[in-house]
2 protein chains.
Amino acid sequence: MEDRRALIMSGVRTALGPSSSEHDPGRHPAVRCQAVARNAKSGCSITPLSDFQACHRRSRLIMRLIRERETVSTNASNKKRRVTQADVARRAGVSTAVVSATLNPNSATGVRVSQDTAKRVRAVMRELGYTPNPIAQSLARGKRNILGVFTYESVFPSERGNFFYPMLRGIEMQVSGAGYDLLLFTSAQTAEAPRQIFAGGSNRLGVADGAILLGQEPDSSELERLADEGFPFVTVGRRHSGRVELNWAAAGYAEATSEIVSHGHELGHRRIAYVGGATIREQQQDREAGFRSAMHRLGLDQGPDCCWHIDPETLDAACLESILSRRVTLILAETLKHAERLEDLLRDKGMYVPQDMSIAVLGTPLEDTKSILRWTRFEAPREEMGREAVRLLLAQLDGRLNGPAQTTLPCKFIPGDTLRPVTDGH
Amino acid sequence: MEDRRALIMSGVRTALGPSSSEHDPGRHPAVRCQAVARNAKSGCSITPLSDFQACHRRSRLIMRLIRERETVSTNASNKKRRVTQADVARRAGVSTAVVSATLNPNSATGVRVSQDTAKRVRAVMRELGYTPNPIAQSLARGKRNILGVFTYESVFPSERGNFFYPMLRGIEMQVSGAGYDLLLFTSAQTAEAPRQIFAGGSNRLGVADGAILLGQEPDSSELERLADEGFPFVTVGRRHSGRVELNWAAAGYAEATSEIVSHGHELGHRRIAYVGGATIREQQQDREAGFRSAMHRLGLDQGPDCCWHIDPETLDAACLESILSRRVTLILAETLKHAERLEDLLRDKGMYVPQDMSIAVLGTPLEDTKSILRWTRFEAPREEMGREAVRLLLAQLDGRLNGPAQTTLPCKFIPGDTLRPVTDGH
DNA sequence: CTGAAAGCGCTTACAG
DNA sequence: CTGAAAGCGCTTACAG
C-alpha cells in the first residue's frame, strides 16, 4: 500500500497497465470487410474464400453471415463492434421495432410491447451491454436535445471573474430539467482571431436544435445569415438588424438610465451629463436613449451636446472642463472606468465625489467587485437574461412562439453613495 | 426613432412582428406525405391523386417526384424542408459523392473533384443555402467531434466562485483548436438528486466521442460501468476502482503534503499532526499517505494515532486537547475550515497562530479568496488538470494511447504566514 | 402485438 | 473524374 502510493507520488506522468478499454470509432464497410477477411483466413471460414479480396459483391452477404456468427459465438470478448439494436433484437428474438419501443415506451408509435417481451428485451440489453447511439437517435428523430451556446470570445476567459458566468448559470438553471444538454462551440476558435459561426462554410451550430449567443459579435452579418437559414437562436442582449427580426433577452438599460435621471431630478439635479465610450452598440444606444427621453420628459433638455462619447483612457482635463462649463451637477458614467477617471480628474481640481459632483454608473462590472460598491448604479439581471433566453428558445423549438421574441428585463437600482441631493444654486 | 425606443423600453415582455424564421424539426415520411397531399390538392398534382390518402405504396414515388418539382420550381420560398446534399447534387448536375468530396477535400476517399466542378457545386450550395447536417455527418463518419464534460453537481453552482471554473477554463483552452466542441450534460439532472450518467438506462454521454468527468461521484460503480462499455473518459482528480483501470489527471496531494512536512521539519518541528475531514476519498487518502510517508522518511513516526478525521463543525475543545497533549507544534489542516476552527479553539485557550502553534492548510479554497491569504498552504493546479485531462482524452481518441493514462501534476507551495520556526524545547 | 422496410442526411469503397 | 448504392444505427408508419 505504502509502496503503491509512493509510486503514484513519484511519477509526474505515468501511463501504466495493459489496455483495458477499446473504443470503436465506427468503422466503415470496407474496413470491416478486411477485418472479416483476416478473420476468415484465420480459420473460421464458412464459405470458399480463396479469392476473397476480389469478391466485392459477395462480401456483404459474407459479412452479414459472419457478423451473425460472431454475435452468437463470441459473447462480449470481441468488443470491436458496437452493440446495436439489431443485435439485441436478434438475440431476444424480436424485431428492432420492438427494441426501439421498449426503449421509448411513451412514443406515439402504434407499437405496444407486452410486459414479458419488454422484460426479456431489457435483459438482453443488459447482457449485451447495449446502449442506444444518441447520434442515430437524433438523426432518426430529427431532434437532438442539444442547445448550443455560442460566444465570440472564450467562454471561460479570465483567471477569475467571468463576464459570462452569471448568464451561463442562468442558462444551466433553466435548461436543466428541460431535457437538453448544452453544447459550447469551442471548435470554432481560429487561433487568435475571434470565433466565427460560419467558419469554413459549415455551420457547426447545426448540431444543436437551437442556440443562445452571448457577447458582442464582430460582424452582425453572421446573425442575419443565421436567421436566413431558419436556424432558431436567441441572443443575450438586444441586437438589431435592419433586414431580419432577431430574438433576444435584454437588460432594460434605457429604463434603468431613465430611472437614474428621475432619481437625480428628485434630488434637485437639473443639469445632467452623459459620458459614454466611443464604441456605440445597442447597449449604449439604449442607455443614451433612456437618458435623452427622461431629460425630455422632465423638461431638462440641454440641446444635443450634453452627451460625451469618449473612452476612459482618452478622457482628459479638457474634456472635464467642457462638462463643468455647462454647470453640470450629476454625471452619468457608462462604466466604472469612466467614473473613476472622472473622479481622478475632479480630484486634480480639488473637487470630490459626491460633495462637489454626483456621479452614477450605468452598470456593474463583474471583475472589480470591491471598487464598485460605493457607486450609485444599476445592475443588469445577467442570470435572469440567461434564463429568459432559454425560455424563448425552448418556446420557439416547441412551436409555442411564432414571431420574433424580444424580452426586456428590468435592471436593479443600487443606491450607493455617489449621488447626493443638491441645494438650489449649487 | 425615439418612439421606437420608447416602445422597447416600456414593455418588459414583448413579442412582436410576423414570423420570419421557420425551423424544420425533421419530419417523418408520413408527416411529409400529408404535407405533400395538401400541396397536391392545392393545384400542382402531377399524377391522378383522387384517392391519395389511401395509396400508401404509391406515395413514396409521388413524394419523390413532387419533391424534385419543388426543388426546381419554388426556390427558397418553401423553407419547410431542409436543403440536403441531394438537392445540391441534383441542381449542380453531379452526384452526392461529388458534393461530399467538395465539402471534404482532404478526406482519404478516392474522389477528386475538378476545380470547375467544385466551383459550380459551391455556387449551388450558396444559392440553395445548403449547410451540411452535422448529425448525419457524425453518424456516417462514426465520429462526433464532441467532447463531453460531466459533473455530478451543477456545472455553474454558486452565485460567484465556481469550483469547476478553473478546470473548465483549462479544458476550453486545451480543446480549443483541436476541433472539438464541448458538451455539458445538463439534461442528466433529476430534480434535486445528484446527476447520474446512466439515468433511465440510456447513457447520454454517448453523444460525445469521449468525456471528462469533474467532481466527486456519489456512486463509483457508474465509473466502472462506463469503463465496461469501452467509452473513453478521463476524470479530473484521481479515482480508484478495484475492478477497472481508470484514466485521470490528478493533483499531487501526496507530494505536496510530504513537502510541507519536510518544510516543517526544516523549521524545527518534530511533532506534527494531521487533521482531516470525516469523508475520505482518493484526495484525502493521498494527503494522508503523503503525510505518513514523509513522517516515516524523516523518522518522526508517532504511531498510528497522529491523524484525526473529523469535520470542522464537530471539531471541539476536547479534540484540540488530545492534539495538544501530544505536544504537537505543527498541525496540517485538510481545509481552511479546519484551520480556522482550530485557530478559534486555540484562541479560547489564549494560544495564537503562529506564535503558539503553526498550522498549514492542505489546499486552497476557491470561494474564500481573502481569508486564505495568510495561511501557509499549497494550491492544486486546477487549470492544468483540466488541460491534461483533455490531452489524455484526445490521445486516447487518436489511438496514441493504449493503456490507462494517469497523470499527477505538482501543486504549488504558498509560504503564507502561519508556519513558523520553532526553537528546540518549544 | 410484431416484422419488414423506408427514411433521417450524410460518407465512402467500388465500378465505370 | 463521376454515379449508384450501401452503410452509419436508429424511429416509425404500415401491413400483418
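Please read all numbers here as calculations on a predicted model, not as lab measurements. Sequence lines set the chain letters: A, B, ... in the order given, protein chains first and strands last, and positions in each chain run from 1.
Here the side chain of Ser95(A) is nearest to one of dC8(D), dT2(C), dG9(D), namely dT2(C). Checking dT11(D), dG3(C), dG9(C) against every side-chain atom of Val94(A), the shortest atom distance belongs to dG3(C). Taking the side chain of Gln85(B) as heavy atoms from C-beta on, and the options dC10(C), dC10(D), dT2(D), the nearest nucleotide is dC10(C). Taking only side-chain atoms of Ala97(B), from C-beta outward, the nucleotide of dG3(C), dG7(C), dG3(D) with the closest atom is dG3(D). The side chain of Thr117(A) lies closest to dT2(C) when the candidates are dC10(C), dT2(C), dG3(D). Of the candidate nucleotides dA13(D), dG9(D), dT11(C), dT11(C) has the atom lying nearest to any side-chain atom of Arg141(B). Between dG9(C), dT2(D), dC10(D), one nucleotide has an atom nearer to the side chain of Val98(B) than all others, and that is dT2(D).
No donor-acceptor distance shorter than 3.5 angstrom exists from the side chain of Asp181(B) to the backbone of Ile146(B), with no hydrogens or angles considered. In this structure, the side chain of Glu222(A) engages the main chain of Ile197(A) through a donor-acceptor pair within 3.5 Å. Listed for the Asp398(A) side chain is no donor-acceptor partner under 3.5 Å among the backbone atoms of Ala395(A).
Atom CZ of Arg144(B) and atom P of dC10(C) are 17 Å apart (whole Å). Going from atom CG of Leu128(B) over to atom P of dG9(C) covers 14 Å, rounded to whole Å. To the nearest angstrom, C1' of dC8(C) lies 16 Å from NZ of Lys143(A). At whole-Å resolution of the value, CG in Asn133(B) and P in dG7(C) are 17 Å apart. Rounded to an integer number of Å, the gap from Arg90(A) CZ to dT2(C) P is 18 Å. Straight-line distance from the CG atom of Asp209(A) to the C1' atom of dC8(C): 14 Å, rounded to whole Å. If you measure from atom CD1 of Ile135(A) to atom P of dT11(D), you get 13 Å, rounded to the nearest angstrom. Spacing between atom CG of Asp87(A) and atom C1' of dC8(D) amounts to 14 Å, rounded to whole angstrom units.
For Gln137(A) and dG9(D), the shortest distance from a side-chain N or O to OP1 or OP2 is not below 4.0 Å. Phosphate contact (OP1/OP2 of dG9(C), side-chain N/O of Thr84(B), threshold under 4.0 Å): absent. For dT11(D), the OP1/OP2 oxygens have a side-chain nitrogen or oxygen of Asn104(A) closer than 4.0 Å. Between Ser100(A) and dT11(D) there is a side-chain polar atom (N or O) within less than 4.0 angstrom of OP1 or OP2. Side-chain N/O atoms of Thr96(A) include none lying less than 4.0 angstrom from OP1 or OP2 on dC10(D).
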Exercise for the section: Take Val124(A) and Val99(A) through the side-chain contact (heavy atoms from CB on, under 4.5 Å) test and state the conclusion after the steps. Expected result: CA-CA 10 Å; Val124(A) 174; Val99(A) 180; over 6 Å; no
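Base-pairing analysis of DNA chain C finds the following stems of at least three consecutive Watson-Crick or G-U pairs, with both pairing distances under 3.5 Å: C:1-3 with D:14-16, C:5-12 with D:5-12, C:14-16 with D:1-3.
Within the 4.0 angstrom heavy-atom criterion, no nucleotide atom of any strand lies near Ser138(B).
Between Leu128(A) and Arg90(A) the shortest side-chain heavy-atom distance does not fall below 4.5 Å. Contact of the Ser100(A) side chain with the Leu103(A) side chain is not registered, since no non-hydrogen atoms from C-beta on lie closer than 4.5 Å.
In terms of the side-chain contact (heavy atoms from CB on, under 4.5 Å) criterion, residue partners of Ser138(B) (sequence neighbours excluded) are, by chain and number, Ile135(A), Arg144(B). Checked against side-chain contact (heavy atoms from CB on, under 4.5 Å), Thr96(A) has the following partners two or more places apart in sequence or in another chain: Gln85(A), Ala86(A), Ala89(A).
Comparing Gly93(B) and Ala136(B), the nucleotide of DNA chain D nearest to each residue sits closer to the 5' end for Gly93(B).
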